[in-house]
Protein chains: 2
Amino acid sequence: MLRIVPARPATPTLYDVAREAGVSLATASRALNGSARRVREDSRVKVLAAAERLGYSTNAPAQAFARGGSTSIFLVVSDITDPFFAAIAAGAMRRAGSDGRLVLMGVTERDPARELDMVRTARRQRPAAIVLAGSRRHPDRTRAALLGELDAFEAGGGRVVAIGQDSLPYARVSFDHAGSGRDLAAAVAGLGYRRPLVLAGPAELQIARERVRGLADGFETAGIPLSGDRVVSGGFGRDDGEATMRDLLRAGVEADLVVAVNDVMAIGALAALREAGVGVPDRMGVAGFDDIAPSRDAAPALTTVRLPLEEAGSTRSSSPSATRSTRGCGSARRC
Amino acid sequence: MLRIVPARPATPTLYDVAREAGVSLATASRALNGSARRVREDSRVKVLAAAERLGYSTNAPAQAFARGGSTSIFLVVSDITDPFFAAIAAGAMRRAGSDGRLVLMGVTERDPARELDMVRTARRQRPAAIVLAGSRRHPDRTRAALLGELDAFEAGGGRVVAIGQDSLPYARVSFDHAGSGRDLAAAVAGLGYRRPLVLAGPAELQIARERVRGLADGFETAGIPLSGDRVVSGGFGRDDGEATMRDLLRAGVEADLVVAVNDVMAIGALAALREAGVGVPDRMGVAGFDDIAPSRDAAPALTTVRLPLEEAGSTRSSSPSATRSTRGCGSARRC
DNA sequence: TTGTAGGCGTTATCAA
DNA sequence: TTGATAACGCCTACAA
């Protein structure tokens, strides 16, 4: 008689391991994952051997389900190719790895609607924490919906952490943007620059506004009032920095220094200056914020304010402690 | 009489939604996730309204568990701050997003042991596919274990894709490194360079070896035999490129061109040349592979071979089709 | 079109 | 220390 053997799923389950090891399901579970290790050594060995023999792999979704949650961290970033966010992500993953956690990641591409969407997706995964790294805009249309999701997540026992977004009512890792701006202004003023120009980025971006505010404060203190026409709005990316700078050069602005509200923009501005044949730093200095990795290779050197991005990504708890630090300039002459 | 209200988990379940909507569990399930939409419009509306009212969020682990798997993609990369991998990741996430999938990510930090570990972690998540982006080394000690895991994963119905690692017996997205090397050699020879030096990276790295082989071929064809002493081994990172170049300069090598096996190293070499006051590209040209984003801002410009990284990350199926393309040089004089 | 009921793999409770 | 067994939240035949 030919019996049809049911096409058992090729992946063995804990049940298979238990049977193979000659113990109960409970014992197998405890041996492989149990926290309170109250399993006799010899049966532990049996179970492990059986698991090995069968090529057993824990079914994490099932486990998370049974436990009512996982230990994963869901990280929401704007754009993973932006060194700023890559550094944060690297920090988070390094930390998670050493904690035996998994990092799930979603990108928003700087679109608030997609951000909301990613948070919904994140919530569905039932992670231990949702970490938001991005930047809020001023008229924040999706804010209510976002807070609704996040509050519900916290109500369910989840943890929410906002990196660099102090306007969110959750645990946060914050950067003192205004303070960094003041420091940077003081530093460049100390280097002798007198006619600064500020590439301010988008007016709606809080991070950009705070940095500009800090710069204005700092220059003011140094006796260099920053009039409104010296602060130019524009986009927040590399190409935006290049375009804005190019426009300014074409318009014939006078300045001995350009400060962009982030390094990426500063690098763009550098390209525009190079193209226009304006000597840096002789005829014009260039400065930015963040001290991202590529800034190190910007030639000529950039003056930049360092932000502890990797640390931010790897910070576990997060009292609203402002962190900032400045960094000296590279090898360029006046910096 | 005071009754203790059981502390119900704050997150409502599908069961709660069904009750709230006055329908059965099955109907609620079908209305919210069902594929074959055979739910009457009015009850569909009732369910959606109830879900909205309760702030219901699907329990993805439970769903994945019940369905016996998820649609997620697990991406394993060496280092997310490396623009090379960031580009691949961005491509994968973009694609996944438009497919309504989630990307789980793990980093190996170029450590084979950690890679094996990440693959195990990946398998536990029961994703639809595991995508490996990295580079294999030659004496590949973990290979057997790795293949064991991946084979088991495929046996369980999963899909494995290797990006840029043709030695793995799975679906792959491959780059024609040797071809790129030939192209690059031909291009720079055409620009008039005659005394090339190659920063070859680690001898164990297959990707590096193939590129070097292509370069040697190409130079040979151009009548510029590449003797062994013109090919210098070293690390694969930016700092390695800088260090190797610095050593070479100190040793007084003669050359009119340096070709690094990747842009990151080339950028490092550029830093060493700048430091040593060697004019680029007048006294020495610099070339690399990958055409990563920061290369665009390398000053002076780099000659580089473009690789379709984002496309690679977003490629769904993957016949072993080799893809390559070259790119012209930037604004520098001789390139 | 809707509801009932069994099952998915693991954990956790409670006896033995 | 171990073993039954009942959840856990959702999906899906199967029946109604």
Side-chain angles (χ1 to χ4, degrees), chain A residues 6-48 50-51 54-71 123-127 156-157, chain B residues 6-48 50-51 54-71 123-127 156-157:
Chain A
R8 266 261 320 291
T11 8
T13 72
L14 191 57
Y15 179 79
D16 299 321
V17 175
R19 188 156 40 69
E20 171 87 9
V23 300
S24 80
L25 200 57
T27 302
S29 171
R30 290 190 272 253
L32 287 169
N33 315 302
S35 44
R37 42 137 76 209
R38 49 210 186 167
V39 174
R40 219 194 315 150
E41 187 55 20
D42 64 327
S43 43
R44 209 182 69 86
V45 171
K46 275 193 302 187
V47 172
L48 262 49
L54 266 44
Y56 171 74
S57 162
T58 303
N59 182 327
Q63 196 173 49
F65 166 56
R67 288 183 174 157
S70 70
T71 64
R123 187 145 92 88
R124 279 195 282 272
Q125 302 301 320
R126 303 285 189 272
Chain B
R8 264 262 320 293
T11 11
T13 73
L14 191 57
Y15 179 79
D16 298 322
V17 175
R19 189 157 38 70
E20 171 86 10
V23 300
S24 79
L25 201 57
T27 302
S29 169
R30 289 191 272 253
L32 287 170
N33 314 303
S35 45
R37 42 136 77 211
R38 51 217 183 159
V39 174
R40 219 193 314 149
E41 186 56 20
D42 65 327
S43 43
R44 209 183 68 87
V45 171
K46 274 193 302 187
V47 172
L48 262 50
L54 266 45
Y56 172 74
S57 162
T58 302
N59 183 327
Q63 199 172 47
F65 166 54
R67 288 182 175 158
S70 70
T71 64
R123 187 147 92 89
R124 280 195 283 271
Q125 303 301 319
R126 303 287 190 270

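So you know, we letter chains A, B, ... as the sequences are listed, proteins then strands, and number each from 1. As a basis for the values below, the full set of heavy atoms in this structure was taken, side chains included, without hydrogen atoms, waters or symmetry mates.
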Does a distance-only test, which skips hydrogens and angles, find a donor-acceptor pair under 3.5 Å between the side chain of B/Arg126 and the base of C/dG9? no
Show, in sequence, the C-alpha distance, side-chain angles and deciding distance for B/Val47 and B/Arg30, and conclude whether the side chain to side chain contact (heavy atoms under 4.5 Å, CB included) test is met. CA-CA 10 Å; B/Val47 172; B/Arg30 289 191 272 253; over 6 Å; no
May I have the distance from [X] (atom [atom1]) to [N] (atom [atom2]), rounded to whole angstrom?
{"X": "B/Tyr15", "N": "C/dG3", "atom1": "OH", "atom2": "C1'", "answer": "13 Å"}
{"X": "A/Leu32", "N": "C/dT10", "atom1": "CG", "atom2": "P", "answer": "9 Å"}
{"X": "A/Arg30", "N": "D/dT2", "atom1": "CZ", "atom2": "P", "answer": "8 Å"}
{"X": "B/Leu25", "N": "D/dA13", "atom1": "CG", "atom2": "C1'", "answer": "15 Å"}
{"X": "B/Arg19", "N": "D/dC10", "atom1": "CZ", "atom2": "P", "answer": "13 Å"}
{"X": "B/Gln125", "N": "C/dG9", "atom1": "CD", "atom2": "P", "answer": "16 Å"}

Given [options], the nucleotide with the shortest approach to the side chain of [X]:
{"X": "B/Arg40", "options": "C/dT1, D/dG3, C/dT11", "result": "C/dT1"}
{"X": "A/Asn59", "options": "D/dT2, C/dT2, C/dT10", "result": "C/dT10"}
{"X": "B/Asn33", "options": "D/dT12, D/dC11, C/dT11", "result": "D/dC11"}
{"X": "A/Ala26", "options": "C/dT10, D/dC10, C/dA12", "result": "C/dA12"}

N/O (side chain, [X]) to phosphate O (OP1/OP2, [N]) under 4.0 Å:
{"X": "A/Thr27", "N": "D/dT2", "result": "no"}
{"X": "B/Ser29", "N": "D/dC11", "result": "yes"}
{"X": "A/Ser24", "N": "D/dG3", "result": "yes"}
{"X": "B/Ser43", "N": "C/dT2", "result": "yes"}

Least distance between heavy atoms, B/Ala18 atom then B/Ala28 atom: CB-CB, 3.9 Å
Is any side-chain heavy atom of B/Leu48 closer than 4.5 Å to a side-chain heavy atom of B/Leu32? yes
Test item: B/Asp16 and B/Thr13 side chains (from C-beta on) under 4.5 Å apart, heavy atoms: yes
Listing, residues 54-69 of chain B side-chain donor-acceptor contacts under 3.5 Å, not counting sequence neighbours, or none:
from, atom 1, to, atom 2, distance (Å)
B/Ser57, OG, A/Arg126, NH1, 3.2
B/Asn59, OD1, B/Ala62, N, 3.0

On DNA chain C, more 5' by nearest nucleotide between B/Gly22 and B/Ala62 is B/Gly22
Here's a test for you: under side-chain contact (heavy atoms from CB on, under 4.5 Å), which of A/Val39, A/Thr27, A/Val17, A/Val23 qualifies with A/Lys46? A/Val23
Pull out every residue in residues 63-70 of chain B that has a heavy atom closer than 4.0 Å to any atom of DNA chain D, ordered by number, or say none. B/Gln63, B/Phe65, B/Ala66, B/Arg67
For the helix from C/dT1-D/dA16 to C/dA16-D/dT1, measure the angle between the helix axis at one end and the axis at the other, each built from five pairs, rounding to 10°. 30°
